[in-house]
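This report refers to the structure that appears directly beneath it.
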Amino acid sequence: MNVSVVLFTSDLRVHDHPPLRAALGTRGETVPLFVRDPAVDHAGFAAPNRLAFLADCLADLDQGLRRRGGRLVVRSGDPVDEVCAVVREADADEVHMAAGCSAFALRREQRLRRALEADGRRLYVHDAVVTALPAGAVTPSGSDHFAVFTPYFRRWSGERLRPPLAAPRVVRVPPGIRSEGLPARPAAGTVSAGLATGGEEAGRKRLAYWLDRYADAYEEGHDDLAADATSRLSPYFHFGALSAAEAVHRARVRGGAGAEAFVRQLCWRDFHHQLLAARPAVAGADYRTRSDRWRRGAQADADLRTWREGRTGYPVVDAAMRQLAHEGWMPGRGRLLTASFLTKTLYIDWRAGARHFLDLLVDGDVANNQLNWQWMAGTGTDSRPNRVLNPVIQAKRYDPQGAYVRRWVPELAALRGPEIHEPWKLAGPDRARFDGYPDPLIALPEGLARFRRARGQD
């Protein structure tokens, strides 16, 4: 009986899984394989929150396969060595996997292809598994990628996405293939207390519930910090517990302005992936340099620590940073606010902020995290690179009654209405009641003037 191997990477699901369906359609038996790569740990990407969510996803994937008669094989080591070892053990003649877009993923694919072909085996790499549309599927005239979102969105919207695939009914795994135990969640003290539960089952339930109950209000409400109206599906897309292509299809079937706004956000995800695929260096280098001379030294380091701890004296910024620490997640509006404050008000290198986010974000990946940070720093694809978000104005617009701040900055909970956003304006005894909360780290006009000078805008 012919045997194939399916290498799971960022696609930890059984529904709408082209590599798995292709392997099962051409072979009698298949080895579903996940390799825990120590290079991920050494590169600093194995953050506790993501390791915990990954453990949930792998356990759920194993259960999904077992319900179909199969199981997940887990190995640790170099992915190329481990895949080749499993291929030999199972006497498999082909391997299927999802296409990636990072330099790390592309190097892994190239190494694996060479090793398999040298042994007379074949590697099949499937597009549109991690993203809705393959990176590079649409390009502008004269370039290998889109640098502006709006024309990309127009082209992307006109493309026909592949139809979602049903989960297989049966998965037959050849006997005798050695597997390690499923990885356990990290120790509780290292994981954010409010971290969501991972896995395909949880993700599919959340998608269905959100589309049914909240999608209609998404267009108007997704920036409302107090309403918590975003889908919170980003971790499931990051680990591939949900299919972006299937989510687009289901949202379009649902219809309405809210569903279309949600689809637009999924297109932003594809936009960043196609940019990273074309320019892998943007993971750590400016996409468009502004010749910044970012602040360094003891005072900049102290300001960075204060920002990380959510003690800047600007309540909406601090609320978002504390939510990040507690949940390993924050809404998109919070990400924009905190990134603008660090890079433009404090004038600290975007890479320092991106690193902190990657240390905590359960959905942290190179494409979306780094390129969102570059967008706010003005070194990315934003057509207005020197825009600065005023945290007080933003707070009054997106948290007008202060409910979001009150939730995450309990020191200020007694302040009612919009005055919670400017506690430094309280006088005498009124301010003394809240002396546990710091004064602003810097006056906003001072930070704005420094940034404009640095960018030659004064």
Apply side-chain contact (heavy atoms from CB on, under 4.5 Å) to residues Val130 and Arg269 and explain how you reach the verdict. CA-CA 10 Å; Val130 175; Arg269 183 174 180 273; 3.9 Å; yes
N/O donor-acceptor pair under 3.5 Å between Gln274 side chain and Phe271 backbone: yes
Do Trp329 and Ser192 have side chains that get closer than 4.5 Å, going by heavy atoms? no
Side-chain donor/acceptor of Glu180 to backbone N/O of Ser76, under 3.5 Å: yes
Check side chain to side chain contact (heavy atoms under 4.5 Å, CB included) between Gln265 and all other residues, then give those that pass, not counting sequence neighbours. Tyr218, Trp268
Residue pairs involving residues 423-434 (criterion salt bridge (charged side-chain N to carboxylate O under 4.0 Å, His left out); sequence neighbours excluded): Glu422-Lys425, Arg431-Asp439
Between Gln299 and Asp303: side-chain donor-acceptor atoms closer than 3.5 Å: yes
Can you sort out the partners of Asp359 under side chain to side chain contact (heavy atoms under 4.5 Å, CB included), two or more places apart, ordered by chain and number? Arg355
Run the side chain to side chain contact (heavy atoms under 4.5 Å, CB included) test against Phe451 and tell me which residues pass, sequence neighbours left out. Lys344, Tyr347, Asn386, Val388, Arg455
Side-chain donor or acceptor of Arg450 paired with backbone N/O of Thr345 under 3.5 Å: yes
What residue pairs, at least two apart or across chains, pass salt bridge (charged side-chain N to carboxylate O under 4.0 Å, His left out) with a residue in residues 132-154? Asp144-Arg279
Can you list every salt bridge (charged side-chain N to carboxylate O under 4.0 Å, His left out) pair that touches residues 225-245, not counting sequence neighbours? Asp228-Arg232, Arg232-Glu327
Would you check if the side chain of His17 reaches a backbone N or O of Asp11 as a donor-acceptor pair within less than 3.5 Å? yes
Are the side chain of His421 and the backbone N or O of Asp399 linked by a donor-acceptor pair below 3.5 Å? yes
What about Phe262 and His222, are their ring centers closer than 6.0 Å? no
Taking the six-membered ring of Phe153 as reference, does the cationic atom of Arg264 (NZ for Lys, CZ for Arg) lie under 6.0 Å from its centre and within 45° of its axis? yes
Tyr314 ring center within less than 6.0 Å of Trp424 ring center: yes
Within the distance-only criterion (no hydrogens, no angle test), does the side chain of Thr190 pair as donor or acceptor with the backbone N or O of Ala187 below 3.5 angstrom? yes
Checking the side chain of Glu200 only, and the main-chain atoms of Val14 only, is there a donor and an acceptor separated by less than 3.5 Å? yes
Is it true that a side-chain atom of Gln394 and a backbone atom of Leu389 form a donor plus acceptor pair closer than 3.5 Å? no
Under a 3.5 Å distance rule, please check whether Ser179 uses its side chain to pair with a backbone N or O of Val74 as donor and acceptor. yes
Give a yes or no on whether the backbone of Asn368 and the side-chain of Asn372 come within a donor-acceptor separation of less than 3.5 Å. yes
Kindly check if the number of other-residue, nucleotide or ligand heavy atoms within 6.0 Å of CZ (Arg416) is above 12? yes
